[in-house]
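All values below were derived from every heavy atom in this structure, side-chain atoms included, with hydrogens, water molecules and symmetry-related copies excluded.
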Amino acid sequence: MCGIAGYIFHSSFVAERETFSSLSFIERRGPDANGVESELVHGHSVALLHSRLSIIDLTVRARQPMRDRDSDWLITYNGEIFNYLELRRELISLGRVFESDSDTEVLLQAWAQWGVEALSRLNGMFAFAVFNKRTGELWLVRDRYGVKPLLWGRLPNGGLVFSSSVASVATDVGAEIDLDYCARGARYKAFELPESGAPFRQVHAVPPGCWVKVQISDAGLDVTEGQWYDLRHAVVKRAATLTSCTDQQLLEECRLVLESAVQLRLRSDVPLAVSLSGGLDSSSIAALASRRVADLKGFTYGAPDAAESEGPVVADFAKRVGIGAEFIWPKFDANELDALLERTFVSQEAPFGGLSVLAQNEVFRTVHQAGFKVLLGGQGGDESFAGYRKFFVVALRDALSRHDPRGAVHFAWSLGLMLLHEARQARMYWQGLSRYSNRRPFEFQLLDWQSPAINLWGDGGTALSVRQIEDVQRWSIPSLLRYEDRNSMSHGLETRLPFMDYRLVELALALPARLKIAKGFGKWALRSIDKGTVPDFIRLNRRKRGFDVTQSWIEGGIGASLRRRIQDHRGALAAHLKPKLDIDRHLTNERLSNDRNLLDEALMLAWLAEPVRAPNRLEPAA
């Protein structure tokens with residue numbers, strides 16, 4: 001797990017300054033070692049940069065950039081190939097010889113052996129660049145779901161730059177703010193899309209499951225793009241294999257794949273821990289990991305005696321499962337909250353919504369300070385197994401459109417039970433529902449912008465699995481993965497997500513809807529296979545609190561910090577603000593605490609005040 005970057009310059013251009021600048025943006029992702037390799041081909045200088053976080057094979061043999069001597073492929077790679085041991089054995093049987101025990105060399109040799117065809121064999125999270133001096137090819141490749149970032153752009157001098165850091169690329173290409181990206185994120189809380197994965201117009205993200213090829217010749221650079229993974233096709237293909245299975249057989253398959261996904265992600269040469277949120281997803285991962293890891297540690301945001309947090313639930317769960325729980329519940333003063341806000345802006349390198357992103361950053365910082373480099377988490381379970389409340393409505397609408405009375409009754413009954421049991425959270429759901437309404441034009445309260453119209457429900461006849469795929473590819477997972485990656489890696493911490501194992505994603509999406517939503521619950525299949533593994537007070541719990549920090553943090557200083565940041569940069573923000581806006585009157589602590597949309601607009605403005613922040617504004621890595 002690391003940071004990567006690189007350049008292609010015309011050989012007449014001096015690149016030393018740019019190389020140093022790029023390393024400064026990625027070095028927190030990999031504080032253990034740096035590496036640079038340069039080549040001259042067809043009148044162009046090609047530089048590959050790497051900043052290493054040592055996880056698998058801690059020796060110097062695994063350092064990058066790494067070269068395959070026979071084929072002359074050179075790689076700089078960020079991520080983990082979890083099935084690297086199995087691939088290594090296969091490559092050895094084909095005559096390949098290895099000089100290290102790293103997954104990096106397995107990936108490099110797999111590419112040298114099979115080229116693009118190697119990608120479908122990989123089970124992991126990855127973003128990498130491979131260059132071959134003999135052929136003049138540079139390939140930029142990203143994993144199936146975009147767990148790891150990879151940005152690129154064309155330089156003013158005709159060259160090209162790529163990096164794990166969006167701020168690094170934006171600095172080099174002189175990028176302008178992409179207002180469509182920002183407006184969509186502020187309105188729908190969906191920032192990253194396959195076609196728009198950066199908040200700057202001249203910065204491009206390699207889309208998930210895709211590659212970008214740069215062919216270098218005497219005539220210049222020829223850039224082509226392609227797709228190597230199609231989630232919709234994979235789900236259809238997987239569903240076809242399940243048609244003859246009973247419900248019990250389907251649940252057993254889910255159990256086996258989930259256990260395998262966790263087991264693969266326990267491969268590490270450094271200590272690892274688990275994230276605990278008190279919810280079903282992280283508890284499922286932690287319970288399975290505890291069977292294989294002695295003295296497993298879990299980290300949660302909360303305190304065992306703080307009823308307003310998940311602490312009491314996590315304390316009970318950890319005791320029953322046998323995990324050592326570490327509780328993170330700091331009492332910040334105003335200056336510390338302001339520093340946390342700034343640290344999160346620097347880490348994210350892009351706008352974000354809600355203060356839970358700050359709490360996540362603090363959790364990852366604490367895990368790093370405790371001496372861990374790897375943390376397993378539960379991201380992805382809601383999307384794949386249909387945990388969100390909106391999926392109840394999608395499933396019901398689909399059954400009605402197909403004139404399926406049995407299905408309509410099944411999903412209407414579940415929807416009714418869910419609403420009955422969660423009536424106390426109706427206000428929170430009602431506020432979130434505004435994202436799904438396009439009946440009248442949406443108007444920002446602070447921002448003088450127009451918001452794009454997006455139908456987040458899908459059409460009336462949209463199948464549940466189709467709408468779930470949309471969440472995996474567009475409306476949920478991409479932004480959540482960005483928050484997770486940049487917060488964790490800014491502290492030199494690798495987070496591993498078993499629910500993002502492609503085998504589990506495809507299987508869960510392909511399940512019949514009746515196994516996803518039943519008896520008033522979402523994620524019914526996961527709840528079923530967790531019986532006996534996760535205690536019922538979590539397994540059958542309908543309410544998940546999460547990082548509940550908004551009101552206390554706004555009153556404790558975040559509100560004042562946001563107002564000050566916007567006022568101090570009011571001149572620069574004039575083009576984005578509504579005319580004659582009274583910031584102090586509109587952004588009171590009470591309004592910020594009670595209006596999520598208003599808070600997200602204020603966070604957007606605070607980011608727009610300084611869209612590219614230098615990495616040295618983070619405190620030194622421990």
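- For residues 278-290, the set of pairs meeting the salt bridge (charged side-chain N to carboxylate O under 4.0 Å, His left out) definition, not counting sequence neighbours, comprises Asp281-Lys523.
- Counting heavy atoms from C-beta on, the side chains of Ser164 and Leu151 never come closer than 4.5 Å.
- A salt bridge links Glu192 with Arg482: at least one charged nitrogen is closer than 4.0 Å to a carboxylate oxygen.
- Using a cut-off of 4.0 Å between Lys/Arg side-chain N and Asp/Glu carboxylate O, Lys319 and Asp316 are scored as not salt-bridged.
- Using a cutoff of 4.0 Å between basic side-chain nitrogens and carboxylate oxygens, Glu342 and Arg613 are scored as salt-bridged.
- In this structure, Arg292 places its CZ atom where only 12 or fewer heavy-atom neighbours from other residues, nucleotides or ligands lie under 6.0 Å away.
- A salt bridge is defined here as a Lys NZ or Arg NE, NH1 or NH2 lying under 4.0 Å from an Asp or Glu carboxylate O, and Arg265 with Asp501 meets this definition.
- With no hydrogens or angles considered, a side-chain donor-acceptor pair links Asn487 and Asn361 at under 3.5 Å.
- Under 4.0 Å is where a charged nitrogen must lie from a carboxylate oxygen, and between Asp530 and Arg255 no such pair does.
- Between Arg88 and Asp103 there is no salt bridge, since no side-chain N of the basic residue sits under 4.0 Å from a carboxylate O of the acidic one.
- Taking the ring axis of Phe521 as reference, the NZ or CZ atom of Arg527 does not stay both within 45° of it and closer than 6.0 Å to the ring centre.
- Between the side chains of Thr495 and Glu484, at least one donor N or O lies within less than 3.5 Å of an accepting N or O.
- Residues passing the salt bridge (charged side-chain N to carboxylate O under 4.0 Å, His left out) test with Arg63: none are found, sequence neighbours excluded.
- Remark: Glu80 does not engage Arg267 in a salt bridge, criterion side-chain N to carboxylate O under 4.0 Å.
- Using bins of under 30°, 30° to 60° and over 60° for the plane-to-plane angle, the ring pair Phe352/Phe345 lands in the tilted bin.
- With sequence neighbours excluded, no residue forms a ring pair (Phe, Tyr, Trp, His ring centres under 6.0 Å) with Phe392.
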